[in-house]
Amino acid sequence: MSSTWSALYPPRQPQRLPAQSDGISPESKAVGPGLAPRIVFSAAIVIGVLPDITIVPLSGNSQNPLVAIFYLLGLFFAALFRSLVGVFALILVKNATLTRRFVGMGIFFVACLDISILTHMVTMFVDRLPGEARGSIAIVIAITAVIEAIYVALVFVSWNVVRHRRWMICLASIPYAVAVVGVGQAADGLFSSIDAPYELSTTLTTLLDLVLMSLGFGLFHLLDRIRGATVPIDRANSASFHHDVPVRPVNTRPGYLPGYPGA
């Protein structure tokens with residue numbers, strides 16, 4: 001009799017609860033992007049500013065043209081490797097669909113083009129303005145700040161898209177990026193008011209921007225823990241998803257009803 005009952009109603013398999021009462025989304029409790037993508041993506045951001053925190057402090061007040069050439073070469077290779085390493089990091093993210101990976105990579109590549117090309121075209125653009133606006137330092141600073149804010153926002157958005165975060169978190173990247181650039185501009189103005197050396201102010205401002213961006217990634221990670229902040233991942237239909245989290249198979253036995261013995 002017991003064997004017949006066991007055959008009809010097999011033991012109930014353990015399953016994960018679909019939701020918890022702690023306000024944390026079950027999607028955010030799934031396997032994360034992995035430690036390697038986080039490290040590589042952070043390295044890409046640091047690589048992009050290496051010339052400002054290495055070559056600029058070492059150059060001092062040197063008027064040697066070789067230093068300027070070395071700095072320009074450093075900017076070129078830093079921009080190149082930032083793009084390649086950042087795209088590679090987004091590829092490494094585990095729990096992301098191919099669509100979101102490609103969208104994130106495209107956004108990050110646009111961000112790299114924004115900061116690498118447009119920043120160096122600002123002076124050329126301002127020098128062609130008519131009247132008193134020609135060569136205005138204030139206009140150069142304002143346009144550069146806008147370009148930097150766009151870059152920071154797009155970097156955040158690219159990571160948030162790959163992490164399956166909803167549009168509200170991506171939208172939050174914009175005001176935070178503006179705040180990062182605003183604090184950096186305020187710090188740069190403070191250094192200028194106390195006649196700090198250009199090399200020192202550039203290095204410290206760049207390091208401050210890196211710290212603020214790191215805090216931004218931490219902030220979005222905390223927002224990710226809120227229920228409803230992430231887009232559910234279709235693990236069964238996503239060929240790009242790494243099946244690191246076990247999913248309970250569906251019982252296809254005839255007469256199966258959820259909630260009854262064997263469900």
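Once rounded to the nearest 0.5 Å, the distance linking CG of Leu50 with CD1 of Ile45 reads 12.0 Å.
Taken together through direct or relayed side-chain contacts under 4.5 Å among Ile, Leu, Val, Met, Phe, Trp and Tyr, Val140 and Ile143 form part of one hydrophobic cluster. Cluster membership for Val152 and Leu171, using ILVMFWY side-chain heavy atoms within less than 4.5 angstrom, is shared. Residues Met168 and Trp159 share a hydrophobic cluster, clusters being chains of Ile/Leu/Val/Met/Phe/Trp/Tyr side chains in contact below 4.5 Å. By the criterion of side-chain heavy atoms lying less than 4.5 angstrom apart, applied directly or through intervening Ile, Leu, Val, Met, Phe, Trp or Tyr residues, Ile150 is not grouped with Ile169; the two fall into different hydrophobic clusters. Both Leu223 and Trp167 are part of a single hydrophobic cluster, where members link through side-chain heavy atoms under 4.5 Å apart.
One N or O on the side chain of Ser158 and one on the backbone of Val155 form a donor-acceptor pair closer than 3.5 Å. Between the Arg101 side chain and the Val93 main chain, a donor and an acceptor come within less than 3.5 Å of each other.
For the side-chain contact (heavy atoms from CB on, under 4.5 Å) test with Phe88, the passing option among Val85, Leu92, Leu84, Leu90 is Leu92; the others fail. Among Val162, Val161, Val157, the one residue that satisfies the side-chain contact (heavy atoms from CB on, under 4.5 Å) test with Val103 is Val161.
Across all their heavy atoms, Leu154 and Ile107 have their closest contact at O-CG2, 3.4 Å. Nearest heavy atom pair, residue Arg38 against residue His221, reads NH2-CE1, 4.1 Å. The minimum heavy-atom distance linking Asn95 with His164 is given by the pair O-CD2, 3.4 Å. Closest approach of Leu208 to Ala187, counting heavy atoms only: CD2-CB, 3.8 Å. Minimum interatomic distance between Gly86 and Phe41 (heavy atoms only, all atoms of both residues): O-CD1, 4.0 Å.
Classified by interplanar angle (parallel below 30°, tilted 30° to 60°, perpendicular above 60°), the ring pair Phe156/Tyr176 is perpendicular.
With a 4.5 Å cut-off on side-chain heavy atoms, Arg163 and Arg100 do not count as touching.
In this structure, Tyr151 has no side chain to side chain donor-acceptor pair (under 3.5 Å) partners at least two apart in sequence or on a different chain. For the side chain to side chain donor-acceptor pair (under 3.5 Å) test, residues two or more places apart in sequence or in another chain that qualify with Ser173 are Asn160. For Phe70, the side-chain contact (heavy atoms from CB on, under 4.5 Å) partners two or more places apart in sequence, or in a different chain, are Ile55.
Among residues at least two apart or in separate chains, side chain to side chain donor-acceptor pair (under 3.5 Å) pairs with a member in residues 66-88 are Asp52-Tyr71, Arg82-Ser116.
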What pairs of donor and acceptor atoms, side-chain ones from residues 190-197 against any protein atom, are under 3.5 angstrom apart with sequence neighbours left out?
| from | atom 1 | to | atom 2 | distance (Å) |
| --- | --- | --- | --- | --- |
| Ser192 | OG | Asp188 | O | 3.0 |
| Ser193 | OG | Leu190 | O | 2.6 |

Side chains of residues 213-220: which donor-acceptor partners sit under 3.5 Å, not counting sequence neighbours?
| from | atom 1 | to | atom 2 | distance (Å) |
| --- | --- | --- | --- | --- |
| Ser214 | OG | Leu210 | O | 2.9 |

